[in-house]
Amino acid sequence: MQWLLAGRLVDGTLNPPRQRVAIGLDGERIRAITPLAEWQPPPREAATIIDHLDASVVPGLIDSHVHLVFDHAPDSAAIRHRVQFADSVELGLLAASNAARCLSAGVTTVRDCGGRDLITLHVRDAIQQGLVAGPRILAAGPPIMQRGGHLSWCGVEANTADELRRRIQDLCDSGVDVIKLVASGGNMTPGSEPFTATYSEAELRAAVDQAHLSERRVAVHALNAESIRRAIAADVDSIEHCLWNGPDGQYAFDATAAREMVRRGSIFVGANMAGIDRILLPADAPRKQLRERWAGTREMLALGARVMLSSDAGTRGTRFDEFGLSLVCGVEALDVSPLEAIHRATLVPAEALGVDTDLGTIEIGKRADLVVVDGDPARTISDIRRVREVWQDGHIVARPDSSNG
Ligand SMILES: [Zn+2]
């Protein structure tokens, strides 16, 4: 048994933080959470006691949207070129290195939303086998899009409902954990139209049905209102970016569609706070720009949508070891409290990924994925970046400060 003494426990729910608690770990699971005042210290030889009474403990963070084979170069053309032409061993090593960096930001679980071939599945398995350090990975493998569509430089193409079904079945047979579907153009792919929907509602429906037959969830990339409406009607599992732009690129929030999404209850929204958002943080003036970009997400939150904070790490300027910045953006852009930002980067994505029986909160019975941070991130969200120690399955897997200094 190990005991981790926490000055403050932020448990991933919206419950107020608890002060001075002892967290008991037995193997890979959390077995006890006791107020320090009632805690009976075990004899020294019977247990390990780790004192973090001057720090806060939060659940291992879950970044529900990363691209491990992307190298976050400042220029999307450079990222595309490398992903398309690099040797697969090179991309595998890059992905492993990116995965290790997630840990230093307190990210103990990621969902990879699209890479080349099955590279991220190999990285996932290598981490699981203990060959390399990294977060748990739920991997989509290659994303699926129409011919020449967004991410076609790393994905697989499907142009009809039949082709979608076949592709999805093949990917499920190959062992992917989730399906990533591209339902609009994207900014990283010249020639694709961000403000145009690609798949029809019927095609999306066929894809969702096929994936669900194999018990895989479907994450859909959508940068415009029409693609979002179709995704909602097709009952997808998460809508990534979920930016409400009209065909002209102007803001076009559709409250009726958003209400329908909330009514269905099972559709999550991925608010990707990427490098292009993170650079809007430091000065006061651009903050307005950041808020304008996310106006539709604030509207969805007000309606009760299940919004999670993620990063799109790997895309331009979006490092893997700065996930905390995405939470800072969330607080700035979405009017959520620091406590709620943490909730939307722990329990909410755990639910979206279907791993909430094991992960997402610090509760008895769950896996011991914990992050020790200096300060009080439930009050000052930037403290989430002051990572002192990261635990995964009851083991310390990163101590960023000591490794840096
Ligand atoms: Zn992405």
Side-chain angles (χ1 to χ4, degrees), residues 63-105 107 110-124 132-135 137 139-143 145 148-156 180 182 184-194 219 221 223 240-241 243 270-283 286 289-290 293 309-329 385 400 404:
D63 189 346
S64 54
H65 191 134
V66 304
H67 299 275
L68 289 167
V69 301
F70 295 8
D71 64 7
H72 61 75
D75 161 27
S76 290
I79 298 174
R80 284 197 309 270
H81 189 270
R82 187 171 188 185
V83 171
Q84 198 170 0
F85 298 109
D87 181 83
S88 53
V89 174
E90 177 191 332
L91 287 186
L93 291 166
L94 171 68
S97 156
N98 287 336
R101 281 164 205 269
C102 293
L103 288 180
S104 69
V107 174
V110 300
R111 178 176 61 177
D112 190 277
C113 280
R116 201 187 79 193
D117 308 322
L118 300 176
I119 292 170
T120 49
L121 279 70
H122 292 290
V123 176
R124 172 196 70 190
V132 288
I137 297 173
M145 75 294 302
H150 177 51
L151 298 179
S152 52
W153 38 275
C154 70
V156 294
K180 170 71 180 295
V182 178
S184 79
N187 296 314
M188 273 188 92
T189 308
S192 74
E193 302 285 344
H221 163 103
L223 293 190
E240 301 300 309
H241 312 289
L243 296 175
N272 281 224
M273 300 289 176
I276 46 171
D277 301 290
R278 293 172 182 178
I279 55 168
L280 298 176
L281 273 177
Q289 231 176 305
L290 177 65
R293 270 173 59 72
L309 293 171
S310 59
S311 74
D312 221 354
T315 59
R316 67 194 156 109
T318 316
R319 297 171 56 96
F320 288 83
D321 54 4
E322 293 182 339
F323 185 48
L325 279 180
S326 293
L327 275 66
V328 176
C329 285
R385 304 186 63 204
N404 290 342

Pair I276-L280, side chain to side chain contact (heavy atoms under 4.5 Å, CB included): steps then yes or no: CA-CA 7 Å; I276 46 171; L280 298 176; over 6 Å; no
Residue pair R124, D112: steps toward the side chain to side chain contact (heavy atoms under 4.5 Å, CB included) verdict: CA-CA 10 Å; R124 172 196 70 190; D112 190 277; over 6 Å; no
Full working for side chain to side chain contact (heavy atoms under 4.5 Å, CB included) between H67 and D312: CA-CA 7 Å; H67 299 275; D312 221 354; 3.0 Å; yes
Intermediate values then yes/no, side chain to side chain contact (heavy atoms under 4.5 Å, CB included), V69 and V123: CA-CA 10 Å; V69 301; V123 176; over 6 Å; no
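Between the CG atom in L91 and the CZ atom in R82 there is a gap of 7.0 Å [rounded to 0.5 Å]. To the nearest 0.5 Å, atoms OG (S88) and CG (L94) are separated by 12.5 Å. Rounded to the nearest 0.5 Å, atoms CG (L243) and OG (S184) are 9.0 Å apart. The CG atom of L151 sits 10.5 Å away from the CZ atom of R80 when rounded to the nearest 0.5 Å. The distance from atom SG of C102 to atom CG of L68, rounded to the nearest 0.5 Å, is 6.0 Å.
Counting heavy atoms from C-beta outward, R316 and M188 have side chains that stay 4.5 Å or more apart. Within the 4.5 Å cutoff, the side chain of F323 has no heavy atoms near those of the L325 side chain. Within the 4.5 Å cutoff, no side-chain heavy atoms of S326 are placed close to those of S310. Contact of the V156 side chain with the P143 side chain is not registered, since no non-hydrogen atoms from C-beta on lie closer than 4.5 Å. At a threshold of 4.5 Å between non-hydrogen side-chain atoms, the residues T189 and M145 do not count as touching.
Looking at R116, its side chain does come within 3.5 Å of a backbone N or O of A86 through a donor-acceptor pair. A distance-only check finds no donor-acceptor pair linking the side chain of N98 to the backbone of D71 [under 3.5 Å]. A donor-acceptor pair under 3.5 Å is absent between the side-chain atoms of D117 and the main chain of I119, judged by distance alone. In terms of modelled atom types and a separation under 3.5 Å, the side chain of S64 and the main chain of R111 share no donor-acceptor contact. No donor-acceptor pair under 3.5 Å is formed between the side chain of S152 and the backbone N or O of H150. With hydrogens and angles ignored, the 3.5 Å screen pairs a side-chain donor or acceptor of T318 with a backbone N or O of G275. Between the side chain of S104 and the backbone N or O of P400 there is no donor-acceptor pair closer than 3.5 Å. A donor-acceptor pair is defined here as one N or O able to donate and one able to accept, closer than 3.5 Å; no such pair exists between the side chain of R101 and the backbone of R319.
The two residues P135 and A99 come nearest to each other via the heavy atoms CD-O, 3.1 Å. Looking at every heavy atom in both residues, F320 comes nearest to F70 through CE1-O, 3.7 Å. Of all non-hydrogen atoms in L223 and G185, the two that sit nearest each other are CD1-O, 3.6 Å. Among all heavy-atom pairs drawn from P194 and N187, the shortest one is CG-OD1, 3.5 Å. Residue K180 comes nearest to C113 through the heavy atom pair NZ-O, 3.1 Å, listed as atom of the first residue, atom of the second, then distance. Shown here for L103 and G134, the closest heavy-atom pair between the two residues is CD1-N, 3.5 Å.
The closest side-chain donor-acceptor pair between D63 and S311 falls under 3.5 angstrom.
Ring planes of H81 and F85: tilted class, angle from 30 to 60°. In this pair, H241 and H221 present their aromatic rings perpendicular. The plane angle is above 60°, beyond the 30 to 60° band.
The number of heavy-atom neighbours closer than 6.0 Å to CZ of R278, taken from other residues, nucleotides and ligands shown, is above 12.
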